[in-house]
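Here is the structure we will look at, set down as structure tokens.
Just so we're on the same page: letters track the sequence lines, and every chain starts at 1.
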2 protein chains.
Amino acid sequence: MKRINLKELANLLNLSTSSVSKALRDSHEISEETKKKVREFAVKHNYSPNPYATSLRKKKSKTIAVILPEVADNYFSLAINGIQKVAEARGYHLLIYLSHEKYSIEKAVLEECSNGRVDGVLISISSETTDHSHLQKLVNENIPLVFFDRAPEDFNASKVITNDYDCGYFTAMHLIEDGCTNPVFLSMSSALPICHRRAEGFKAAVLATGIASDPNKLVHYCDGTEEESMKKIQELFESKNRPDGVVASVERLAIQTYMVAQESEINIPKEVKVIAFSTLETAPILNPPLSTITQPAYDTGTKAAELLFQRIEKPLQYTQPECVVLPSIFMERKSCIPKSHFS
Amino acid sequence: MKRINLKELANLLNLSTSSVSKALRDSHEISEETKKKVREFAVKHNYSPNPYATSLRKKKSKTIAVILPEVADNYFSLAINGIQKVAEARGYHLLIYLSHEKYSIEKAVLEECSNGRVDGVLISISSETTDHSHLQKLVNENIPLVFFDRAPEDFNASKVITNDYDCGYFTAMHLIEDGCTNPVFLSMSSALPICHRRAEGFKAAVLATGIASDPNKLVHYCDGTEEESMKKIQELFESKNRPDGVVASVERLAIQTYMVAQESEINIPKEVKVIAFSTLETAPILNPPLSTITQPAYDTGTKAAELLFQRIEKPLQYTQPECVVLPSIFMERKSCIPKSHFS
DNA sequence: CTGAAAGCGCTAACAC
DNA sequence: GTGTTAGCGCTTTCAG
């Protein structure tokens with residue numbers, strides 16, 4: 001069964017292509033009668049316009065790109081859900097790209113986004129990204145760009161983020177109040193702004209209480225492969241001054257911390273208390289239930305998408321970048337209860 | 001900064017558009033010298049062809065659609081990863097659509113896929129999908145279609161699935177061997193082929209051992225909203241002949257089973273043993289560690305994508321649909337150990 | 001080896 | 001209220 005196009009449809013109807021085109025888009029120039037006839041005929045012949053011809057003509061693709069470091073993290077799944085909801089409601093299509101935390105891939109993907117393929121870009125930058133020229137290039141091409149969650153510190157574009165510093169501060173305070181004297185922060189990258197801000201908040205809190213023996217050993221970097229990261233945590237847990245509190249900056253590190261603790265038979269929370277930045281759905285049923293700083297992933301996605309569409313659809317109303325901060329919430333569970341509460 | 005197009009580029013080079021076009025695509029018709037000149041010039045001016053103009057001309061979009069019920073399930077995240085890897089390697093773009101388990105949405109999305117927007121479709125059908133006319137329509141339009149994981153039983157198209165029946169059979173046998181006398185199967189939909197096959201295998205095993213008091217009460221349907229599903233499981237756990245073994249057919253039901261057990265203070269595995277069809281990364285660190293039938297999600301994604309690209313790129317070699325079965329593997333953990341092993 | 005011209009399918013000025 | 005025409009940016013015969 002071959003697809004019918006506008007010209008063929010017009011011929012069959014004994015009308016011009018432009019009349020049919022207008023009729024299908026409910027133009028006021030066309031009489032109700034012919035509109036009706038055209039619509040019925042189009043449905044009968046299963047006609048729908050070629051989107052790329054339309055895009056070419058209108059210079060609008062009704063498509064946006066979503067660039068993520070990965071999709072395995074629950075956070076990004078939830079964010080995609082939010083983005084997708086907004087996009088679907090507005091009749092936009094979603095092109096998904098994964099940078100796999102690589103700057104080089106991220107850069108290549110952005111090149112692809114600047115040739116008219118998409119009307120806008122939503123991005124959460126890779127952990128390797130420190131240079132921003134590839135992002136600047138997109139902005140120079142006048143393609144709307146909105147960051148969500150992972151945004152560069154010093155880049156002039158709209159973004160939707162969470163209160164990382166405050167939450168980092170909070171986690172340290174909480175661990176200390178629960179009796180920790182040697183808490184550490186597990187970061188996945190010194191370059192990644194979210195980790196950096198969370199770590200800064202954490203450090204500030206620890207230093208404020210004056211319990212730190214060595215301020216340079218508060219933050220540990222678990223970059224590299226999964227295996228390297230696991231090993232790093234393992235070494236930390238086997239070291240002579242093993243931490244009695246751990247803050248995992250991302251979901252993956254939380255899981256790895258639990259894995260290592262289980263293997264090494266280190267009891268959480270008796271020997272090590274844990275708090276994780278995470279949206280893990282299984283947090284309440286882990287062993288023990290994991291205390292989390294739960295980020296508003298879904299809302300971050302919807303908000304970022306809304307900001308983007310606002311810019312795309314009402315470009316004249318856009319004056320300057322907007323920075324929206326959506327707070328995370330602390331969910332206290334057994335992984336960080338104080339000693340006095342042990343049963 | 002405005003984007004440059006082919007015509008402008010050609011003018012600047014004092015060449016015709018066709019020569020420049022050919023040069024950029026390394027045609028043998030063009031001399032090495034001019035090719036070099038053109039390429040350098042193109043890079044310098046940051047030229048890249050408008051993909052929609054190319055698509056329109058070539059009637060190829062270098063884009064495929066991936067239609068999923070949801071993205072929150074780990075299985076689909078992993079599958080997307082696999083699909084994305086193959087697509088990226090071949091220079092294809094990925095359009096993602098979520099049906100949210102709704103037949104109506106799935107149908108609408110498929111309409112969108114048959115107007116030239118995509119060169120092929122990968123789909124995992126919704127739990128509501130029983131009618132296949134929308135799928136047939138796509139096939140009639142000659143658009144390559146490959147199912148992964150969730151495929152209709154009786155539809156003539158390529159698919160990549162797992163050994164659901166056998167695994168269902170296995171779970172029942174395993175629970176019974178571990179001492180269960182009243183195992184049940186939690187299905188998310190009677191219509192969904194994967195659940196159906198898993199349930200059929202399960203039932204066959206239970207009936208084979210002759211322990212079933214009421215064969216009609218082996219499978220419980222937890223469809224509807226999250227809350228309804230939770231309530232169903234709760235009622236099951238509070239009923240007078242509470243099951244002593246549960247098989248969760250999908251990730252969500254596994255999590256809910258754990259949630260309910262935790263709330264109701266029902267001990268897993270002492271009071272109820274659990275096995276879940278799931279790719280949950282956190283299975284080993286749940287309380288207790290969850291025994292899983294782990295599906296080859298990533299490989300299913302890559303294989304399905306490969307089948308699709310084979311059809312797209314070598315349509316003449318395609319003779320008939322292929323059905324690939326990738327086996328799942330059983331990961332035994334504490335949620336289903338026999339009584340004799342309790343410590 | 002290079003260029004002219006047609007046309008992919010559609011929309012939007014502009015005529016009638 | 002309907003039709004004619006030009007053209008979005010590119011590729012591809014076909015001529016030279």
Please state how far atom NZ in B:K60 lies from atom P in C:dG9, giving the value in whole angstrom units.
14 Å
Name all residues meeting the side chain to side chain donor-acceptor pair (under 3.5 Å) criterion together with B:Q295; count only those two or more places apart in sequence or in a different chain, and write none if there are none.
none
Quick one: on DNA chain C, does B:K58 or A:T17 contact a more 5' nucleotide (nearest heavy atom)?
B:K58
Do the side-chain N and O atoms of B:D119 and B:S61 include a donor-acceptor pair separated by under 3.5 angstrom?
yes
Looking at residues 30-50 of chain A, who's got a heavy atom less than 4.0 Å off DNA chain D?
A:I30, A:S31, A:T34
Whole angstroms only, please: what is the CG-P distance between B:N115 and C:dG9?
13 Å
Side-chain ion pair, A:R90 and A:E313, N-O less than 4.0 Å
yes
Atom NZ of A:K62 and atom P of D:dC8: how far apart are they, to the nearest Å?
23 Å
Can you tell me how far C1' of D:dC10 sits from CG of A:L56, to the nearest Å?
8 Å
Short N-O contact, A:E306 and A:K85, less than 4.0 angstrom
no
Checking B:E33, B:E40, B:E32 against B:K36 for salt bridge (Lys or Arg N to Asp or Glu O under 4.0 Å), the one that qualifies is B:E40
Find the distance B:N5:CG to D:dC8:P and express it as a whole number of Å.
8 Å
Round to the nearest Å and state the distance from B:K7 atom NZ to C:dA4 atom C1'.
13 Å
Is any side-chain nitrogen or oxygen of A:S19 closer than 4.0 Å to OP1 or OP2 of D:dT2?
no
Can a donor-acceptor pair be found, under 3.5 Å and without considering hydrogens, that links the side chain of A:H132 to the backbone of A:T130?
yes
Short side-chain N/O contact from A:K59 to OP1 or OP2 of D:dG9, under 4.0 Å:
yes
Rounded interatomic separation in angstrom, taking CG from A:L6 and P from C:dG7
17 Å
Extract from the structure each pairing of a protein N or O with an N or O of nucleotides 14-16 of chain D at less than 3.5 Å, listing the distance.
none

According to a strict under-4.0 Å criterion, is A:R3 in side-chain N/O contact with OP1 or OP2 of C:dG9?
no
Would you mind reading off the distance between A:L24 atom CG and C:dC10 atom P, rounded to a whole angstrom?
10 Å
I want to check one thing: is the phosphate of C:dC10, taken as OP1 and OP2, less than 4.0 Å away from some side-chain N or O of A:R25?
no
Do B:D26 and B:K35 sit within salt-bridge range, that is, some charged N less than 4.0 Å from a carboxylate O?
yes
No-H, no-angle donor-acceptor pair, B:S18 side chain to C:dA4 base, under 3.5 Å:
yes
Might you work through the ring-ring contact (aromatic ring centres under 6.0 Å, His included) test for A:F41 and A:Y47, ending with a clear yes or no?
CA-CA 8 Å; A:F41 208 77; A:Y47 171 79; over 10 Å; no
Main-chain N/O of B:P321 paired to B:S158 side chain as donor or acceptor, under 3.5 Å:
no
